[in-house]
Amino acid sequence: MNKILVTGGCGYIGSHTIIDLLDNGFEVISVDNLYNADESALDGIEKITGKRIKNYVVDLCDLEATKQIFQENQDIIGIIHFAALKSVGESVEQPLLYFRNNLNSLLNILDCMIQFRVSNIIFSSSCSVYGNATELPVTEDTPWQEAESPYARTKQMGEQIIHDVLRGNPILQSVLLRYFNPAGAHPSALIGESPRNVASNLVPVITETAIGKRPETVVFGADYPTRDGSCIRDFIHIMDLAHAHTLALQYLLQNNNEKQVEVFNLGIGEGVSVLEAIHAFEKVTGENLNYRIGERRPGDVVAIYANLNKAADKLGWQPAYNIEDIMRSAWAWEQARSNNGIVIFMLL
Ligand code: NAD
Ligand code: WQD
């Protein structure tokens with residue numbers, strides 16, 4: 001009795017978390033409609049762990065199809081709900097798409113949990129719930145500001161929905177994990193971030209520039225009131241993030257939670273500026289990155305980083321990797337997937 005349903009298991013964070021779950025003795029099934037992924041991550045997981053994960057290609061907005069998964073797997077003991085659309089810019093252009101997908105999928109999962117009596121859910125939230133935070137580092141109690149995008153609002157609303165639904169259903173309990181800036185890849189370079197959408201996050205932009213997929217990296221503003229003028233973020237290695245999910249799940253399964261819904265920040269607790277991140281990449285790879293300073297990007301917060309004391313105290317979580325490790329693994333993954341592309345091209 002240790003089966004976990006991972007939603008969005010073919011995606012970036014889901015696929016890395018599955019490896020950590022398998023390493024810790026859990027059985028995993030996935031549901032992913034492949035909107036922003038393909039099933040190649042499952043091949044990578046199989047190479048790394050020797051286990052093939054079953055993925056249901058189902059849209060979680062389809063309640064009947066979602067129920068069918070629970071019907072077939074009545075031994076699910078917990079859910080890690082990653083599935084969501086996550087592009088901030090796209091959410092501004094298509095807010096309805098984001099509200100419909102991110103909220104309906106969550107409602108359907110909660111509905112199934114109640115119907116099939118599955119008690120435990122870990123929810124992927126985001127530092128974007130804090131908006132332009134008024135205090136740094138942000139703790140779990142830092143008040144939320146206005147959401148900067150419809151995407152961020154789906155995370156604020158998702159958290160509120162979980163609070164309200166669980167209040168009326170005492171058998172349910174949840175951990176809400178607010179990720180800061182996840183980056184990097186599995187050390188094997190067999191899986192990493194490979195979205196169908198064009199990458200817009202800093203680390204893939206850097207590696208794609210260095211490998212020649214894009215001509216340059218533009219630093220969005222170097223006139224902010226920070227130590228070097230560029231924005232400050234809390235970059236967290238994907239494997240540290242993955243392990244936090246296993247710990248959060250064990251915490252719920254062992255009923256160590258004091259409240260029905262517990263919230264944790266997941267960052268490494270250190271601010272790294274955009275320019276420092278670029279220099280870390282150059283240092284560990286020996287590459288000279290073609291970058292230039294450009295205009296500010298609308299909607300960017302100046303600086304945000306986490307206070308991670310709560311996750312350390314209650315989950316026993318300690319991030320092991322720093323920005324240099326992140327860049328090293330992201331670069332290895334970029335090289336590996338580019339080589340794969342060449343091999344596929346030659347085979348064609
Ligand atoms: P991702 O896009 O790589 O993975 C999400 C997966 O969910 C995709 O494979 C997609 O196909 C699937 N999916 C989306 N809607 C679905 C639906 N209706 N039914 C079934 N599958 C669906 O994203 P990720 O980076 O792995 O993010 C995972 C979660 O973490 C998301 O909820 C995201 O909002 C959150 N998050 C991500 C970041 C980040 O920077 N990557 C930061 C904070 C929070
Ligand atoms: C990081 C820094 C950019 C690209 C986003 C979401 C947030 C969360 C994490 C999901 C910023 C700068 C970037 C580039 C740059 N995701 N940058 N040139 O915006 O901090 O957070 O991902 O929940 O909700 O908003 O991440 O990687 O886009 O940017 O200078 O080409 O890098 O201005 O300061 P962000 P990011």
Side-chain angles (χ1 to χ4, degrees), residues 6-17 30-39 41 55-62 65-66 69 80-89 91 97-98 100-106 108-109 123-131 147-149 151-152 154-155 158 177-183 192-197 199-206 208-209 214 216-222 224 226 230-236 238 241-242 245 266-267 272-275 277-278 291-305:
V6 172
T7 77
C10 298
Y12 175 44
I13 308 176
S15 57
H16 288 80
T17 300
S30 161
V31 51
D32 194 310
N33 65 352
L34 309 182
Y35 181 93
N36 194 35
D38 57 34
E39 290 190 338
N55 180 57
Y56 290 84
V57 183
V58 161
D59 185 343
L60 292 162
C61 296
D62 179 341
T66 305
I69 299 170
I80 309 188
H81 183 44
F82 293 104
L85 303 182
K86 63 163 181 176
S87 162
V88 173
S91 81
L97 174 70
Y98 272 66
R100 207 171 265 141
N101 188 72
N102 292 2
L103 300 183
N104 282 337
S105 53
L106 174 62
N108 288 346
I109 284 288
F123 175 68
S124 294
S125 188
S126 160
C127 65
S128 61
V129 298
Y130 295 110
E148 293 281 329
S149 67
Y151 165 75
T154 68
K155 292 299 175 188
L177 297 177
R178 295 180 183 153
Y179 318 146
F180 280 63
N181 288 62
E193 189 168 13
S194 45
R196 286 186 190 275
N197 294 339
S200 60
N201 291 119
L202 181 66
V203 175
V205 166
I206 289 173
E208 287 182 8
T209 304
R214 56 174 85 212
E216 60 176 7
T217 293
V218 179
V219 175
F220 296 142
Y224 285 101
T226 60
S230 62
C231 291
I232 290 180
R233 294 292 183 271
D234 188 336
F235 297 96
I236 171 172
I238 188 70
L241 188 64
H245 289 78
L266 295 178
V272 171
S273 79
V274 173
L275 287 168
I278 289 174
Y291 72 93
R292 68 175 170 85
I293 310 297
E295 296 294 311
R296 291 182 176 193
R297 181 172 71 175
D300 266 339
V301 300
V302 180
I304 187 159
Y305 48 95

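Atoms within each ligand, like the ligands themselves, are counted from 1 in listed order.
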* Asked: Can you name the salt bridge (charged side-chain N to carboxylate O under 4.0 Å, His left out) partners of Arg297, sequence neighbours left out?
  -> Asp300
Please compare [options] and report which has the shortest non-hydrogen distance to [atom].
atom	options	result
atom 23 (O) of ligand 1	Arg100, His16, Lys86, Arg178	Lys86
atom 19 (N) of ligand 1	Leu241, Leu60, Asp38	Leu60
atom 18 (N) of ligand 1	Asn101, Asn201, Thr7, Val203	Asn101
atom 6 (C) of ligand 1	Val57, Val6, Asn33, Asp32	Asp32

Check: [Y] main-chain N/O paired with [X] side-chain donor or acceptor under 3.5 Å:
X	Y	result
Ser230	Leu275	yes
Asn101	Leu97	no
Asp32	Asn55	no
Asn108	Leu60	yes
Lys155	Ser124	yes

Hey, does [X] sit under 4.0 Å from ligand 1 if you only count heavy atoms?
X	value
Ser125	yes
Val58	yes
His81	no

Got the closest protein heavy atom to [atom], with its distance?
atom	answer
atom 31 (C) of ligand 1	Phe82 O, 3.0 Å
atom 37 (C) of ligand 1	Ile13 CD1, 3.7 Å
atom 40 (O) of ligand 1	Pro182 CD, 3.3 Å
atom 3 (O) of ligand 1	Tyr12 N, 2.8 Å
atom 43 (C) of ligand 1	Tyr179 CD1, 3.5 Å
atom 5 (C) of ligand 1	Ala84 O, 3.9 Å
atom 33 (C) of ligand 1	Tyr151 OH, 3.6 Å
atom 4 (O) of ligand 1	Gly11 CA, 3.5 Å

Could you tell me, atom by atom, which parts of ligand 1 come under 4.0 Å of a heavy atom of [X]?
X	result
Ser124	29 (C), 30 (O), 32 (O), 35 (C)
Ser126	43 (C), 44 (C)
Leu34	11 (O)
Tyr35	11 (O)
Gly8	6 (C), 7 (O)
Asn36	1 (P), 2 (O), 10 (C), 11 (O)
Asp59	17 (C), 18 (N), 19 (N)
Lys155	31 (C), 32 (O), 33 (C), 34 (O)

Would you say that [X] contacts [Y] through its side chain, given a criterion of any heavy-atom pair below 4.5 Å between the two side chains?
X	Y	result
Val219	Arg292	no
Tyr98	Ser149	no
Ile304	Arg233	yes
Asn201	Asn181	no
Tyr56	Thr66	no
Ile238	Ile13	yes
Phe82	Val6	yes

* So, for Leu103 and Gly158, which heavy atoms are closest and what is the spacing to 0.1 Å? -> CD2-N, 4.2 Å
* Near ligand 2, at a heavy-atom separation below 4.0 Å: residues by chain and residue number -> Val88, Ser126, Ser128, Tyr151, Phe180, Asn181, Ser200, Asn201, Leu202, Val205, Val218, Val219, Phe220, Cys231, Arg233, Val274, Arg297, Asp300
* Donor-acceptor side-chain pairing of Thr209 and Thr217 below 3.5 angstrom -> yes
* Is it true that His245 and Tyr179 have ring centroids separated by less than 6.0 Å? -> yes
* Within 6.0 angstrom of Arg296 CZ, more than 12 heavy atoms from elsewhere -> yes
